[in-house]
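Only this structure's heavy atoms are used, side chains among them; waters, hydrogens and symmetry mates stay out. Lettering of chains follows the sequences in order, A, B, ..., and the numbering in each one begins at 1. Everything numeric here is computed off the predicted structure, so don't read it as measured data.
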Amino acid sequence: MEKYGVEVQEKKQVKEEGLQELPGTHENIVLRFAPNPSGPLHIGHSRAAVPNAEYVKRHNGKLILRIEDTDPKRVYEDAYEMIPEDLKWLGINPDEIVYQSDRFDIYYDHARQLIEKGAAYMCTCDGAAFKELKDNCKACPCRDNSVEKNLELWDKFDTMDAGEAVLRVKTDINHKNPAIRDWVAMRLVDETHPRLGNKYRIYPMMNFSVSVDDHLMGMTHVLRGKDHLANSEKQKYLYDHMGWDLPEFIHYGRLKMEDIALSTSKALEGIENGTYSGWDDPRLGTLRAVARRGIDPRTIYNLITEIGVKMADSAISWKKIYGLNRNLLEPIANRYFFVEDPQLIEVKNYEGGKVIVERPLHADHMDRGNRLLPFDGSAYLAKSDIADGVFRLMDAVNVDIKGDEITYNSTSFEDARDLKARIIQWVPAEDNVNVTIVMDDASLKTGLGEAALSDLNVGDIVQFERVGFARLDEIKDNELVFYYAHK
RNA sequence: GCUCCGGUGGUGUAGUCCGGCCAAUCAUUUCGGCCUUUCGAGCCGAAGACUCGGGUUCGAAUCCCGGCCGGAGCACCA
């Protein structure tokens, strides 16, 4: 009886919402987010950043932001600034930031240790020749060189030409996956590094610097994409050689983004040739682009948390993002009128004189007060709203539209209901502001908005009734520019 | 081609390890109703899934084998 009870309890372990629980220790965990600084962060990066941050938060651990800038060809200098900004936007604050370019001496030191242990060797084979041997499970001649010989070559590594030699880590030359066999740890690079200039010529390969750092920084868990599965396998050999404990390696699947298939390099290319306005062009999948459109960081954070760290790939749909974001925006966004392609109309036979129409900023939050829209018989309507039939200019009057003729019908809402009049928005003839809305495909919607919009600040998010949610991006002399979020 | 990894509604996710409580969870989406001075929101309701075929078993989304489909890696990139 007792035993049965225990078993049931084990099975019914309560799981945390969203992210599945971390394997291994939960005490003093240390995790890292380690991007290559090739550009600002995009939604794909959040798949790595968010779970790390979330686990750290959950277990009160430590999060390190490690900038992996060990390939000068793939460093975009502004990214050093942009990455921490993007993380901050996501609500992620690393406990520490380290740059791998500051740590070359540490890598050199460990490379030497490896050679001394006989676990690495200087390889002077031609790349193609090595591959030929490796693919046939054959060791190259360099593999048998003595430690002394390897140290000698290592010491004059710096004087060789790029490509003349590399340092290889010994693995298993018969490993069934050829990619794992004796991988490269160090190579020569002559490119100028944005932070280091030409101070060093010997550069670590990612598998080497990552392993050394992960160990030295005390990582308890390493989360990475499944594209690194083979790399984890390679790195295990290094941990073994050095006698280090392995962190928990956790791999997650690919994140596919509906529509936008933009890699950082493609985006940069488009920015440079003028196709895109910048890293925050609404067509891009960068965090700064979605932020500009009024996507709340919690939308991204929550969605990524929900997707979790499983090995299967997943595809994010904009519908899902918009749906989640709408739930966050709906209560905070105040309502305003905007008419696209405004047509000034005159309501014939209107004799009500000048009235001030009051509309709540938000129907569910009356305490926020009202906007005031003066009406005296004429107004701007959206071109697409003008069609034959009976309509109610919201909160003002009911009109009959026939061709160019717009005539007064009645005033009360009850009449509109009886007439089954469709309700349309309008903008006062006198009191209005120019509005441009930059859509998600970068096209522009231009028109007029009600005067109350000029009270807004940049960054405010509104809902234009029947148009959608938009974020005020810029206040120009005679124009407000919004970025469209979604319906 | 070789090595490896996946496959639950349109999308995302729970459940798979330890088979029964799963005629499968939640979110988003779509549709309908109510309400409402937004074709919005809200409320109510509905739609929609275990990749296929064998096997084990009293019982399979869950275990085994095979097929199919998808993805990744196979760099002196990260």
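In this entry the distance linking CG of A/Asn231 with C1' of B/G73 reads 8 Å, nearest Å. Atom CZ of A/Arg326 and atom P of B/U29 are 5 Å apart (whole Å). When the C1' atom of B/G40 is taken as reference, atom OH of A/Tyr484 falls 11 Å away, rounded to whole Å. In this entry the distance linking CG of A/Asn302 with P of B/U13 reads 15 Å, nearest Å. If you measure from atom CG of A/Asn327 to atom P of B/G40, you get 14 Å, rounded to the nearest angstrom. Rounded to whole Å, the distance from CG on A/Asn136 to P on B/C2 is 15 Å. Summarising the geometry, the separation between CZ on A/Arg466 and P on B/U36 is reported as 20 Å, rounded to the nearest angstrom.
Checking B/C5, B/A78, B/A41 against the side-chain heavy atoms of A/Asp227 singles out B/A78 as nearest. Comparing B/G12, B/G40, B/A78 by their nearest atom to the side chain of A/Ala315 picks out B/G12. In the set B/U37, B/C4, B/G12, the nucleotide with an atom closest to the side chain of A/Lys320 is B/G12. Side-chain atoms of A/Lys226 lie closest to B/G70 of the nucleotides B/U28, B/U13, B/G70. For A/Glu68, the listed nucleotide lying nearest its side chain is B/A78; candidates were B/A72, B/G73, B/A78.
Residue contacts shown for A/Met311 are limited to sugar-phosphate atoms, with no base heavy atom under 4.0 Å away. Among the atoms of the strands shown, base atoms are found under 4.0 Å from some heavy atom of A/Val166.
A/Phe482 has its ring centre no less than 6.0 Å from the ring centre of A/Phe338. For A/Trp426 and A/Phe375, the gap between ring centers is short of 6.0 Å.
Side-chain nitrogen and oxygen atoms of A/Arg74 include none within less than 4.0 Å of the OP1 or OP2 phosphate oxygen of B/C77. Regarding contacts with the backbone of B/A75, every side-chain N or O of A/Arg168 stays at 4.0 angstrom or more from both OP1 and OP2.
With contacts defined as side-chain heavy-atom distances shorter than 4.5 Å, the pair A/Asn327/A/Arg298 does not qualify.
Taking atom C1' on both nucleotides, B/U11 is separated from B/U29 by 8 Å, rounded to a whole Å.
A/Arg359 forms no cation-pi arrangement with A/Phe337, by the criterion of a distance under 6.0 Å to the ring centre and an angle within 45° of the ring axis.
No donor-acceptor contact under 3.5 Å links the side chain of A/Glu465 to the base of B/G40.
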